[in-house]
There are 2 protein chains.
Amino acid sequence: MNFEQAWNTFRTMHDKLHAISHALGVVQYDAATVAPRGSAEGRGKTMGIISEMSYSIQTAPEVNEAVAYLLENKDQLTPAQLREVSEFNKSNEFVSSIPMQEYVDYTVLINEAEDVWHRAKQENDFASFLPYLQQIFDTNRRFALYYKPDNKPYDTMLDMYEKGLTMEQADQFFSDLRSHIVPLLNKCMQAPQVRDDFLSRHADIATQRTFSDYLMEAITIDRRYCGIGETEHPFTTNFNKKDVRITTHYHEDALVSSMYSVIHEGGHALYELHSGDEYEGTFLSGGVSMGIHESQSRFFENIIGRSRQFTTLIFPKCQELFPDVLGDVTAEEFYRAVNKVEPSLIRTEADELTYAIHVMIRYEIEKAVIAGEMQVADIPQEWNRKYKEYLGVDVPDDTHGCLQDSHWSGGSIGYFPSYALGSAYGAQMLAKMKESIPVEDCVAEGNLTPITDWLEEHVWRHGCMYDPGELLERAVGAPFDPSYFVRYLEDKFGEIYGV
Amino acid sequence: MNFEQAWNTFRTMHDKLHAISHALGVVQYDAATVAPRGSAEGRGKTMGIISEMSYSIQTAPEVNEAVAYLLENKDQLTPAQLREVSEFNKSNEFVSSIPMQEYVDYTVLINEAEDVWHRAKQENDFASFLPYLQQIFDTNRRFALYYKPDNKPYDTMLDMYEKGLTMEQADQFFSDLRSHIVPLLNKCMQAPQVRDDFLSRHADIATQRTFSDYLMEAITIDRRYCGIGETEHPFTTNFNKKDVRITTHYHEDALVSSMYSVIHEGGHALYELHSGDEYEGTFLSGGVSMGIHESQSRFFENIIGRSRQFTTLIFPKCQELFPDVLGDVTAEEFYRAVNKVEPSLIRTEADELTYAIHVMIRYEIEKAVIAGEMQVADIPQEWNRKYKEYLGVDVPDDTHGCLQDSHWSGGSIGYFPSYALGSAYGAQMLAKMKESIPVEDCVAEGNLTPITDWLEEHVWRHGCMYDPGELLERAVGAPFDPSYFVRYLEDKFGEIYGV
């Protein structure tokens, strides 16, 4: 084997895996958006067979040999090539550690589980989802132990979503956050309350669809490369940097629900759409971690989207489209309403302040189940107990409780902490950005370009070239520091609530 | 090699090809329905790579050996197994005759061509589509010659869509049809005209979507397994018998356009949804030929859907949903309006009588281009000339002329005659069905079960077990006879127009 042969083997393997992942990604997107309800069985078979092909391509002996050769001849690789081969090698060590049949069975399980979860959520039927959830937790724990037998399994899972993250760090992070958020929350709750009754007025869904298009444009998304679908649970997926899809869910009585899910998913989309051209068609294309991804989505949703400047900017359009909802409301009332602080049931609709508590509850449950300290069957009661304890709310049913999120049915365990980390990363980026850009003024003028240029330069274009910690440090010139997020929250809600 | 090994190799190869075809099918469906406009390039690469995998699986030496072994040991195969192996062998001879790179390039070409056609149709820009159309005609001619070097290429193409069909037969069929249709058409045009002005009144698209769901139910489609999408050009695709998709196109000023496209595609869907369980997961699953497929779609669209009994049955619902369109119209006026005979521009919206002429024009153009007697660049002027000559209409632009159909951009050359054949097959099936079933009474009562049972028994459940000619003969107890179709037209339009 020579260098060229090894590199060609590696490249061809990438292209095949990427093609398969593209096709399977479309199959999953179709399943979540428009596929007929009864079609899961045939799709499961297809996904099983194609996963098997993917596994065989990735773990083929000639690929292993090529990777070994390339890693032994590092000096012939550019930094990007070296990064690509090393990163692939890690993911390959994970995949190769799993027996093929278990890998395939898991793909089939996830396809079925998403279908069962969807119905279970609609029908408040945790029992029907329980056997799937049990298998998903068990399989994830088993896979983590195959991969790193000496690690605590949940540490391995956290590391897969946010490289370097451990339970020790996450415990510290959440405990810090909680110690600041809870007193601030209490102060807000005791202050005069913000009016938001008008947000539940009837908003026509066809008009909400038009509004989504407007919002996508407002946050600079090039629609030639980004579609909007409709699903139970909003998400973003991408097949390459010129084919990104976001989804949302419209509610007639909750205009801002789809509004902020579109802006949130739009933030994810921007990150993928602006991945560096030099990484396209390589393993380094696209977002590097879920934490950095959530930093972008939550940056657009909250730091931009829930700012006084942005809500004021788009308010005339909102009034024009929804006169029955906002005709008798001022821009300032609208701003305050979308920032109302209130302990609530649904994570995706939570305010910025209580949001981290929602995430923390999920984190604690995952950690306890994976450690064997909580049974999967006990999740509903533990969920409800924690919502009462941390947020003071009574969970009426599992639909509004532990069945609300799609992550577990999709096999994502260890993902949730990324949301809270992302919020904190975003606040730190904002602080850095403000050193050179008048962020508020730009948003007020509807000129997001300096902001998106900054993000493209410091985050988006780098794809997976750097680990998340390094990427953040290069962007802000300092290590991760959650105190920026705490200060951001204290400033923003202190002003709104006068506390 | 023993029998079991050979059969396992064959079965595994089928399963892989089916999985790939399922995934690629979803990718294409997504492309036609919801994919962002700028996403064609990445999709093309993926489709190229996956087609290559598919080609390699199908033409692998061990598959050839297994097929040869099985065909040498026919006596160990059940009739269905023998049929499956023989049919696969034929399609494999076709695929194997094409050099792999050309096969892959063609997949990529088609992906691009569909995108270009879509824009060309919207912008009335034949010139931009011409180079693609040229390549599609050229490639199809070349592939036909690779496969059967001694055949006339267009005969080979016709045979691929409708086994056994030749230009000689098609010429005869169209000439017979024309000799009856043209005089009848002339008589209808001279009779007092039918009123249909109300059909272009404004019909809300959201309500048309609701109407589509109603129509699907009216023709007995099980929606758990059949979705409706929206595309420029309506079509049906299926991934297995529990996952069928139809599409339609809504026009605010043409309610019956989507109405009959839904019923037409619904007929295709019924055929796929009711393929025999014993053939599921084999090469014999699903519709056997485009002619038989069109016989089912056009049976539902016209013989059922445009019958006085059906239009009367659904008329109250139509009035309820579209009071502004049909409030001042009677059921009889509605029936006559949807059967108005009028030479027109658009095939999919043509009446039953002139429809075959639209098909004939396409057939004659394809035949001439493949024979080298017409240039692809001359298609627009030839198209317009024939529309004037045969139907007396002036084609205002290519959007309403040779760019109207999606077939050529999808690589389907030789497909069109299936539509006219299908209409004729359907009329012959109707005559046979009426010997045992009071078809009109059943439709009038809204009880389609005896009709769908007959079709399931004689057509749908047989999948690809018999060649189309044999299937028809088994169903009606006689060889194909187009005179049933002529009589059906003469009876129906003679009554409506009193001629």
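Proteins get letters first, then strands, A, B, ... in listed order; numbering begins at 1 in each.
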- [ ] Kindly check if the number of other-residue, nucleotide or ligand heavy atoms within 6.0 Å of CD (B/E217) is above 12?
- [x] no
- [ ] With the side chain counted from C-beta on, respond yes when A/I57 and B/M53 share a heavy-atom pair under 4.5 Å apart, and no when they do not.
- [x] yes
TODO: Would you mind reporting whether A/H22 and B/I50 have side-chain heavy atoms less than 4.5 Å apart?
DONE: no
Open item on the list: Taking the side chain as everything from C-beta on, heavy atoms only, tell me whether B/K242 gets closer than 4.5 Å to A/P36.
Closed with: no
Task: B/F239 portion near chain A, given a 4.5 angstrom heavy-atom threshold - done: neither
Task: Exercise: identify the closest heavy-atom pair between A/D15 and B/I49 - done: O-CD1, 3.6 Å
TODO: Identify whether the distance between the nearest side-chain nitrogen and carboxylate oxygen of B/R245 and A/D30 falls below 4.0 Å.
DONE: yes
Open item on the list: If you count heavy-atom pairs within less than 4.5 Å of chain A, which of B/G25, B/G229, B/A35 leads?
Closed with: B/A35
Open item on the list: Please determine whether the number of non-hydrogen atoms from other residues, nucleotides or ligands lying under 6.0 Å from atom NZ of A/K16 exceeds 12.
Closed with: no
Task: CD/B/E41: more than 12 non-hydrogen atoms of other groups inside 6.0 Å - done: no
Open item on the list: Within this structure, what is the CG-OG1 distance for the pair A/N240 and B/T46, rounded to the nearest 0.5 Å?
Closed with: 7.0 Å
TODO: May I ask you to name which of A/S39, A/S21, A/A23 has the most heavy-atom pairs under 4.5 Å with chain B?
DONE: A/S39
- [ ] Please look at A/E280 and chain B and tell me whether the side chain, the backbone, both or neither of the residue comes under 4.5 angstrom of a heavy atom of that chain.
- [x] neither
